[in-house]
Amino acid sequence: MLKSATAEKILLEFDPQKNNLLLALKEINANFGYISKDNAKKTAEYFSLPLSQIYETASFYDLINLEKAADLVIKVCSGADCVLGGANKIVSEIENYFRIKSGDKFNPKISLEIVSCFGMCAQGPIMVINGKIFEKVTTSRMHEILNEYV
Amino acid sequence: MFENKIEKILTKHWSEIDPLKIRDYLAVGGYSALKKFIKKSNREKILEEIKFSKLSGRGGAGFPTGMKWEMVMSQEKKEKYFICNLDESEPGVYKDRTLAENNPHLLLEGIIVSALVVGAKKSYIYLNGNYEKANNILAQAIKQAQENGFLGEKILDSDYSLQLEIFSGAGAYICGEETALINSIEGNRGEPKLRPPYPAESGLLGMPTVVNNAETIANIPWIVLNGGKRYANCSTKLFILGGAVKKRGVFEASIKTTIKEAIENLGGGILDGKDFWFAQVGGASGRLFLKEELNVPVSGSGAVLVVDKNANIYDLLLSWAGFFRRESCGKCVPCREGTFRLNEIAQRLRDGEISDRDKIAVEDILWTLENTTFCPLGKFAATAWRDAVEKLKIFSK
Ligand SMILES: Cc1cc2nc3c(=O)[nH]c(=O)nc-3n(C[C@H](O)[C@H](O)[C@H](O)COP(=O)(O)O)c2cc1C
Ligand code: SF4
Ligand code: FES
């Protein structure tokens with residue numbers, strides 16, 4: 001979908017029934033990177049639901065953001081297979097190198113999230129940068145990969 | 001070799017099929033179970049076969065599939081739903097994704113036959129929101145099935161109709177639990193509901209609903225073609241081998257496969273130079289098994305993680321506790337607070353700052369999770385920790 005799509009246009013693709021709410025929120029999130037207050041209101045109007053219902057649903061799901069995401073979003077899998085393969089070393093290396101702490105949302109440029117298993121355990125450790133998946137990541141590969149982004 | 005002794009039911013055509021081409025699936029006899037059901041059989045006969053087959057759920061709980069279907073078939077309400085559970089968010093478990101990516105039409109044929117037998121006109125695949133590749137493959141397969149008259153109105157010129165939609169989730173482990181899954185499709189927070197009523201009576205939009213795991217469903221076409229009695233003698237299952245084994249990945253083997261057989265015959269044994277410590281069976285919510293406990297069948301979702309003596313147990317404890325802290329849905333206090341505090345203690349343990357107070361607290365937290373939470377997730381959060389305390393004796397070193 002075009003990045004220039006407006007929330008109104010996206011909403012029109014869905015019948016205004018509640019069982020389309022999550023799908024619509026995901027689509028808006030995919031286009032704008034998050035659900036802004038404005039777009040939450042538009043969604044509430046379109047579905048004829050109270051605004052609180054929109055937030056109730058949206059706030060539940062990891063793949064829907066209510067705040068603008070950082071420019072560079074790094075996710076590292078913390079499942080057992082990835083951890084046995086050294087995922088924690090990658091996390092601490094990123095934390096030290098960029099002087100950020102996983103889970104903190106203060107830095108608008110970069111954020112690091114520790115996330116649940118991606119179901120790609122045989123290819124781990126798994127790191128995801130702005131949605132792109134990298135497999136079998138080591139600390140040195142991590143630096144190579146991130147060099148292309150910063 | 002051991003794994004070749006069985007007749008493969010689920011993985012048989014994986015290497016010969018292009019998952020994007022329905023032609024390939026048709027060339028190996030695909031959709032003949034659907035044709036047999038529509039032209040030569042009926043709903044009651046298929047239900048009988050499923051009951052004979054003793055097929056039980058592959059999503060973890062092992063409930064008999066025939067019984068679940070019968071409960072929905074016996075409901076008077078006209079509208080019924082069939083849902084394929086492909087949420088699969090248990091760490092270390094990726095069998096359903098692998099199945100869908102390698103032979104999507106086997107899964108679709110299973111869904112179509114199952115849905116028609118239970119009397120649904122509308123069905124869903126609830127797909128893990130991270131599974132983009134599987135999403136594309138399944139969407140393409142659904143389109144092809146419609147073009148070939150296997151889905152939609154008047155399937156194969158019969159009076160049967162069925163709609164099938166993919167509902168892609170948004171990253172929440174708890175949505176794999178069937179009542180939470182139904183809440184999620186309805187546009188609500190994906191929190192579990194009180195049972196009864198069970199989904200079989202009052203599920204999606206209040207209508208009788210069958211929720212089956214994707215692997216469970218993929219067995220249906222074979223049973224329809226070969227009969228339930230035969231299936232009962234040669235049932236297979238998918239196993240996922242991980243950790244310190246030579247071959248990691250998804251394998252099909254007899255449902256009776258023991259943990260030891262899975263490690264040695266499917267995973268090729270432990271990596272050279274490594275010393276076996278324990279195996280975790282069933283993902284992050286699975287129990288731990290020591291060397292002398294491996295002669296029992298692999299239970300639950302089929303995941304076997306092999307951990308060797310060089311592994312850092314504190315990293316693993318934090319991996320488990322962190323997972324359940326993130327995935328606790330927050331509906332009930334014991335799980336919300338318990339997983340939060342267990343995760344804090346896990347962090348202190350890893351950083352070497354554990355106190356005696358923490359050790360006592362762990363006992364209280366585990367007991368609370370085991371005995372007082374609203375849904376099974378709370379118990380899952382305590383399972384591996386309990387075994388780590390009692391079998392690995394993490395606190396008495
Ligand atoms: C916390 C939790 C997570 C679950 N996750 C899944 C899952 O990802 N996939 C699945 O098929 N079943 C999952 N289940 C089990 C489902 O509730 C349900 O029993 C299953 O989908 C029924 O299908 P089956 O009878 O074919 O196994 C989960 C259960 C719980 C309590
Ligand atoms: S046990 Fe945990 S996941 Fe289940 S309802 Fe309570 S808070 Fe939610
Ligand atoms: S453990 Fe990292 S992808 Fe599964």
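What's counted below: heavy atoms across the whole structure, side chains too, no hydrogens, waters or symmetry copies. Order of the sequence lines sets the chain letters (A, B, ...), proteins ahead of strands, with each chain counted from 1.
For B:Y126, the ring pair (Phe, Tyr, Trp, His ring centres under 6.0 Å) partners two or more places apart in sequence, or in a different chain, are B:F167.
Electrostatic pairing of B:E215 and B:K95 counts as a salt bridge here, judged by a charged N lying under 4.0 Å from a carboxylate O. At a threshold of 4.0 Å, the pair B:R248-A:D81 counts as salt-bridged, since one of the basic side-chain nitrogens sits closer than that to a carboxylate oxygen.
Counting heavy-atom neighbours within 6.0 Å of B:K246 NZ, excluding the residue itself, gives a total above 12. By the neighbour-count criterion of 12 heavy atoms within 6.0 Å, atom CD of B:E132 is sparsely surrounded, having that number or fewer from other residues, nucleotides or ligands.
Most heavy-atom pairs under 4.5 Å with chain B, from the set A:A80, A:G124, A:A24: that is A:A80. Taking B:L204, B:D315, B:L318, B:D308 one by one and counting their heavy-atom pairs under 4.5 Å with chain A, the maximum is reached by B:D315. Ranked by non-hydrogen atom pairs under 4.5 Å with chain A, the options B:G242, B:G169, B:S168, B:A170 are led by B:A170. Interface remark: of the candidates A:L21, A:L22, A:L49, A:L22 forms the most heavy-atom pairs closer than 4.5 Å to chain B.
No side-chain heavy atom of B:T383 sits less than 4.5 Å from a side-chain heavy atom of B:W320. Within the 4.5 Å cutoff, the side chain of A:F14 has no heavy atoms near those of the A:T43 side chain. In this structure, the side chains of B:L107 and B:L138 come closer than 4.5 Å at one or more pairs of heavy atoms.
Here the CD1 atom belonging to A:I35 is positioned 5.0 Å from the CG atom belonging to A:L25, to the nearest 0.5 angstrom. Atoms CG and CG, from A:N29 and A:N39 in turn, are 10.5 Å apart once rounded to the nearest 0.5 Å.
Residues of residues 69-79 of chain A having a heavy atom under 4.5 Å from any heavy atom of chain B, listed by number: A:S78, A:G79. Residues of residues 181-191 of chain B lying under 4.5 angstrom from chain A, judged on non-hydrogen atoms, are B:S184, B:I185, B:E186, B:G187, B:N188, B:R189, B:G190, B:E191 in numerical order.
Legend: ring-ring contact (aromatic ring centres under 6.0 Å, His included) pairs involving residues 71-122 of chain A, not counting sequence neighbours, sorted by first then second residue: A:Y97-A:H143.
In this structure, chain A has heavy atoms under 4.5 Å from both the backbone and the side chain of B:C329. Looking at A:Q53, only its side chain comes within 4.5 Å of chain B, counting heavy atoms on both sides. Of the two parts of A:K18, the backbone and the side chain both hold a non-hydrogen atom closer than 4.5 Å to a non-hydrogen atom of chain B. For A:V128, no part lies under 4.5 angstrom from a heavy atom of chain B. Interface remark: B:Y124 contributes side-chain atoms only to the contact with chain A (heavy atom separation under 4.5 Å). Looking at A:I133, neither its backbone nor its side chain comes within 4.5 Å of chain B, counting heavy atoms on both sides. For chain A, the nearby part of B:Y131 is the side chain; its heavy atoms alone come within less than 4.5 Å. Of the atoms belonging to B:I174, it is side-chain heavy atoms, and not backbone ones, that fall under 4.5 Å from chain A.
Between the side chains of B:S89 and B:D87, a donor-acceptor pair is found at a separation under 3.5 Å.
Side chain of B:E88 to main chain of B:R97: a donor-acceptor pair is present (N/O by atom type, distance under 3.5 Å, no hydrogens or angles).
When all heavy atoms are compared, the tightest approach of B:W277 to B:A311 is CZ3-O, 4.0 Å.
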